[in-house]
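What you see is a predicted model, and the numbers here were worked out from it, not measured in a lab. Per chain, numbering begins at 1; letters A, B, ... match sequence-line order. Hydrogens, waters and symmetry mates play no part in the numbers below; they use all other heavy atoms, side chains included.
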Number of protein chains: 2
Amino acid sequence: MTANDGRSATGGGATDATRGDTVAAVVRQWRAVHPGLDTGPMEIIGRINRCAALLQQAEDAPLRRAGLSRPEFDLLGALRRTGHELTPGELARETFSSGAAVTKRLKQLTERGLVERRGDTRDRRVAHLRLTDAGRDLVDGILPEQLAYESAVLSGVRAPERDELAALLAELLGQLEGRLDALRV
Amino acid sequence: MTANDGRSATGGGATDATRGDTVAAVVRQWRAVHPGLDTGPMEIIGRINRCAALLQQAEDAPLRRAGLSRPEFDLLGALRRTGHELTPGELARETFSSGAAVTKRLKQLTERGLVERRGDTRDRRVAHLRLTDAGRDLVDGILPEQLAYESAVLSGVRAPERDELAALLAELLGQLEGRLDALRV
DNA sequence: AGCAGGTGTTTTACCTGTAAAAAATATTGG
DNA sequence: CCAATATTTTTTACAGGTAAAACACCTGCT
């Protein structure tokens, strides 16, 4: 499901641990209203959506302290981890965003002195972007904080389960990435 | 991680199934640049984010055919599955969105005749929202399509793994929902 | 050479969300 | 009863994204 699956808090009360997470509660509501439907997919998709929402909310905190939004950090991170210059188009593919969005972010990041632009000498349509020293230092400063914070957030799940979860997610993601073009809606 | 984990396509080539999903590739890049860091959290958080992004993109298609955005459907769905009227504040909590966003969506959905508003007689600040017949029919029409579509998207993963995945996600989500207030950044 | 069509990037117009302030009403304590 | 405070919802100003169009440039064909 999209929203009615993992994007809902159930009622005004506190989380009732004995009855499961919020997604379980939502699924129960749906089953009560539509007893015939197979709500199985909600148990996975709903939880992935909800986990993603909670994790992102938590993760944005360290970034905001550094004055960056997540999409901005995505862009800087792509430049950092690839280790070489990227064109706007490559950055768009790399960060899964639209070209227009990349253009806007690049404008701001360039003004802030985190990124530098260089025109291609052969093809004058294309630009090459690279991190400035300040940009690289910023990413390198944030990344360990971010990872440490993520470790803390995940610490409630034991290592063997974490590995199992990572493996299953990898399988699902592989399917999704390979598929979705075929299933092209 | 936020983005530099699951939000990236790796290079221009096609997906290389033998080398894992895109997240694995991104993690490799980070490890090459920062060999000292524990990139473990990326394997989970990155994949959750990326799965969520892909799933949402796929799921939005059936909704768009019905002329609804996902946040709009969230709102209608909350009304449908709870089975009773909700106030704007309750809807905001139920859909995890801000009050202002709910106000805007309600305005549009009311204009479209999918939702009806009724003022509270005791407390004249609060409103009560309910689905119109058209709204209920729309939700009931979309939901089975949505679930069927989701089943198809998940069909690449076998049932036992799906159950295992759902269980592990439930555990993680339980931790996150119980925790995050405690870990309040 | 010159043009048709393709590609890379930016611009435009618009839409939606957010945070903070405002508005309207309720509640509480003197 | 009144003033102060709290609560519910809406409004405002703005930041950021998107799709489609516009721009600028390249490539290949004739």
Side-chain angles (χ1 to χ4, degrees), chain A residues 2-3 7 9 12 49 52-53 56-57 60-61 63-64 67-76 78-79 85-112 115-130 185, chain B residues 2-3 7 9 12 52-53 56-57 60-61 63-64 67-76 78-79 85-112 115-130:
Chain A
T2 73
R7 290 176 171 269
N49 284 333
Q56 287 181 19
Q57 185 188 333
D60 284 347
L63 289 181
R64 296 223 177 278
L68 286 177
S69 70
R70 174 197 285 266
E72 286 167 342
F73 183 67
D74 277 14
L75 215 163
L76 299 179
L79 288 171
E85 294 181 333
L86 293 171
T87 68
E90 288 167 338
L91 280 167
R93 282 187 290 277
E94 201 72 25
T95 60
F96 292 103
S97 27
S98 71
V102 168
T103 295
K104 286 191 179 181
R105 280 176 225 152
L106 283 176
K107 190 178 162 203
Q108 297 190 127
L109 294 171
T110 307
E111 282 167 1
R112 283 210 250 166
V115 153
E116 274 173 352
R117 169 183 296 256
R118 175 179 73 77
D120 188 299
T121 38
R122 302 292 175 85
D123 186 339
R124 293 197 317 226
R125 291 168 303 181
V126 337
H128 297 273
L129 284 305
R130 62 167 171 270
V185 190
Chain B
T2 76
R7 290 176 170 267
Q56 287 181 17
Q57 184 187 334
D60 285 346
L63 289 182
R64 296 224 177 276
L68 286 177
S69 70
R70 171 197 286 264
E72 285 167 343
F73 184 68
D74 276 15
L75 214 164
L76 299 178
L79 288 170
E85 294 181 332
L86 294 171
T87 68
E90 288 167 338
L91 280 167
R93 281 185 291 276
E94 201 72 27
T95 60
F96 291 102
S97 23
S98 71
V102 168
T103 296
K104 288 191 178 180
R105 281 175 222 152
L106 283 176
K107 190 177 162 205
Q108 297 190 126
L109 294 171
T110 307
E111 282 167 0
R112 284 209 249 167
V115 153
E116 273 173 353
R117 167 184 297 256
R118 176 180 74 77
D120 188 299
T121 39
R122 303 290 175 86
D123 187 338
R124 294 199 315 227
R125 291 169 302 182
V126 338
H128 297 274
L129 285 304
R130 61 166 171 271

According to salt bridge (charged side-chain N to carboxylate O under 4.0 Å, His left out), who are the partners of [X], at least two apart in sequence or on a separate chain?
| X | result |
| --- | --- |
| A/Arg125 | A/Asp123 |
| B/Arg112 | B/Glu72 |
| B/Glu90 | none |
| B/Glu85 | B/Arg118, B/Arg130 |

Listed partners of [X] passing side chain to side chain contact (heavy atoms under 4.5 Å, CB included), at least two apart:
| X | value |
| --- | --- |
| B/Ala92 | B/Val102 |
| B/Arg124 | none |
| B/Thr110 | B/Val115 |
| B/Ala127 | B/Pro88, B/Arg117, B/Leu129 |

- Look at the side-chain N and O atoms of B/Thr87 and state whether any lies under 4.0 Å from the OP1 or OP2 oxygen of D/dT8.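 Looking at the OP1 and OP2 atoms of D/dT8, neither is under 4.0 Å from any side-chain N or O of B/Thr87.
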Ignoring backbone atoms, establish whether B/Ser98 has a side-chain N or O less than 4.0 Å from OP1 or OP2 of C/dT18.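 Answer is yes, contact under 4.0 Å.
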Please state how far atom [atom1] in [X] lies from atom [atom2] in [N], giving the value in whole angstrom units.
| X | N | atom1 | atom2 | answer |
| --- | --- | --- | --- | --- |
| A/Arg117 | C/dG8 | CZ | P | 15 Å |
| B/Leu106 | C/dT16 | CG | P | 14 Å |
| A/Phe96 | D/dG17 | CZ | P | 16 Å |
| A/Gln57 | C/dA19 | CD | P | 10 Å |
| B/Leu63 | C/dT16 | CG | C1' | 16 Å |
| A/Gln56 | C/dT18 | CD | P | 13 Å |
| A/Glu94 | C/dG8 | CD | P | 15 Å |
| B/Arg70 | C/dT16 | CZ | P | 16 Å |

Taking only N/O atoms, report every protein-nucleotides 11-16 of chain D pair under 3.5 Å with atom names and distance.
from   : atom 1 : to       : atom 2 : distance (Å)
D/dG16 : OP2    : A/Gln108 : OE1    : 3.3

What one should report as the nearest heavy-atom pair of A/Glu94 and A/Ala78 is CG-CB, 3.7 Å
Q. Quick one: does A/Asn49's side chain get under 4.5 Å of B/Arg70's, heavy atoms only?
A. yes
* Any side-chain heavy atom of A/Thr95 sitting closer than 4.5 Å to one from A/Arg105? -> yes
Residues in residues 118-126 of chain A with a heavy atom under 4.0 Å of DNA chain C, by number, are A/Arg125, A/Val126
Distances under 3.5 Å between protein N/O atoms and the N/O atoms of nucleotides 2-5 of chain C, please, pair by pair.
none

